[in-house]
Amino acid sequence: MSFESLPAGWEVWNDEPARVVLAYRPDVFDGAEFPAPCIPTIYLSKGRRGRRPGQHDPAPDAAWYVTLYLEPEIEAAPEVVDTRAEAEAAATDVARQFAAGHVDYRSLYQVPRPDYFDRLDDLTGRE
């Protein structure tokens, strides 16, 4: 499987054997229109995604984690699957849901950002 069926706006930023990063609309999350650190990303990682560089390779039987990030510290609960193909399918589904405005990103924030949410609503077509 590959990412040919990603919805408009989502791009593959990085594709390695044990990690894939998808980014939403990097053309607008450039620091001018939207803050660059707020770029929505979906991480697919074999094994739990580590915060430290240089972590060891995951075990061959490690599960795949699919996690939507709205900012580096703002994330949705990961979906855990067994294979990369399942992870790619899950990530594509998350990307579709987000692009269609069906992800309730407001609930992921502890501190509301109403102006930013309104702009993100406009970008994703959410009403």
Side-chain angles (χ1 to χ4, degrees):
M1 182 176 192
S2 66
F3 294 101
E4 287 137 9
S5 62
L6 281 174
W10 283 95
E11 296 180 16
V12 177
W13 254 18
N14 184 34
D15 190 348
E16 299 171 7
R19 186 179 100 159
V20 179
V21 180
L22 307 177
Y24 183 69
R25 297 293 309 267
D27 58 318
V28 298
F29 285 88
D30 59 3
E33 241 185 292
F34 283 90
C38 294
I39 188 169
T41 55
I42 300 171
Y43 278 78
L44 292 74
S45 58
K46 186 172 177 77
R48 187 173 296 275
R49 181 173 173 249
R51 298 254 182 222
R52 295 185 208 146
Q55 273 190 312
H56 59 47
D57 291 331
D61 61 344
W64 281 83
Y65 289 75
V66 177
T67 309
L68 171 68
Y69 287 86
L70 276 294
E71 295 181 29
E73 301 298 322
I74 308 296
E75 65 188 75
E79 184 171 341
V80 183
V81 296
D82 293 327
T83 67
R84 179 173 169 137
E86 291 172 317
E88 290 177 4
T92 299
D93 185 54
V94 170
R96 280 190 196 115
Q97 294 297 318
F98 185 87
H102 298 302
V103 171
D104 181 16
Y105 37 80
R106 286 172 174 78
S107 68
L108 302 176
Y109 283 79
Q110 290 182 359
V111 177
R113 297 179 61 188
D115 294 339
Y116 173 69
F117 294 153
D118 290 344
R119 292 176 60 213
L120 193 54
D121 288 347
D122 290 342
L123 185 64
T124 61
R126 185 177 177 153
E127 297 180 21

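Just so it is clear, the values below take in all heavy atoms, side chains as well, and ignore hydrogens, waters and symmetry mates. This one's a predicted model, so the numbers in the text were calculated from it and none came from an experiment.
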Is any side-chain heavy atom of [X] less than 4.5 Å from a side-chain heavy atom of [Y]?
| X | Y | result |
| --- | --- | --- |
| R84 | V20 | yes |
| S5 | R96 | yes |
| Y109 | L70 | yes |

Point to revise | Test item: W10 side-chain N/O and A95 main-chain N/O as donor-acceptor pair under 3.5 Å | key: yes

Once you round to the nearest 0.5 Å, how far does [atom1] of [X] lie from [atom2] of [Y]?
| X | Y | atom1 | atom2 | result |
| --- | --- | --- | --- | --- |
| I39 | W13 | CD1 | CH2 | 4.0 Å |
| L22 | Y43 | CG | OH | 10.5 Å |
| L68 | E79 | CG | CD | 11.5 Å |
| E71 | T41 | CD | OG1 | 10.5 Å |
| E88 | L6 | CD | CG | 9.5 Å |
| K46 | T83 | NZ | OG1 | 9.0 Å |

Can you name the closest pair of heavy atoms from [X] and [Y] and give their distance?
| X | Y | value |
| --- | --- | --- |
| A76 | L108 | CA-CD2, 3.8 Å |
| L44 | A91 | CD1-CB, 3.5 Å |
| P17 | W64 | O-CH2, 3.3 Å |
| S45 | G47 | OG-O, 3.1 Å |
| A99 | A8 | CB-O, 4.4 Å |

Practice item. Mind checking side chain to side chain contact (heavy atoms under 4.5 Å, CB included) for E4 and listing every partner two or more places apart, or none if nothing turns up? Key: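 Checked E4 against side chain to side chain contact (heavy atoms under 4.5 Å, CB included); matches are S2.
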
Exercise for review: Could you tell me which residues satisfy side chain to side chain contact (heavy atoms under 4.5 Å, CB included) with D27, sequence neighbours excluded, listed by chain and number?
Suggested key: R25

Check your understanding: Do Y105 and D121 have side-chain N/O donor and acceptor atoms under 3.5 Å apart?
Key ->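 Y105 vs D121: donor-acceptor pair found between side chains.
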
Study note, to complete from the structure: The residue among F29, Y24, F117 that forms ring-ring contact (aromatic ring centres under 6.0 Å, His included) with F34 is F29

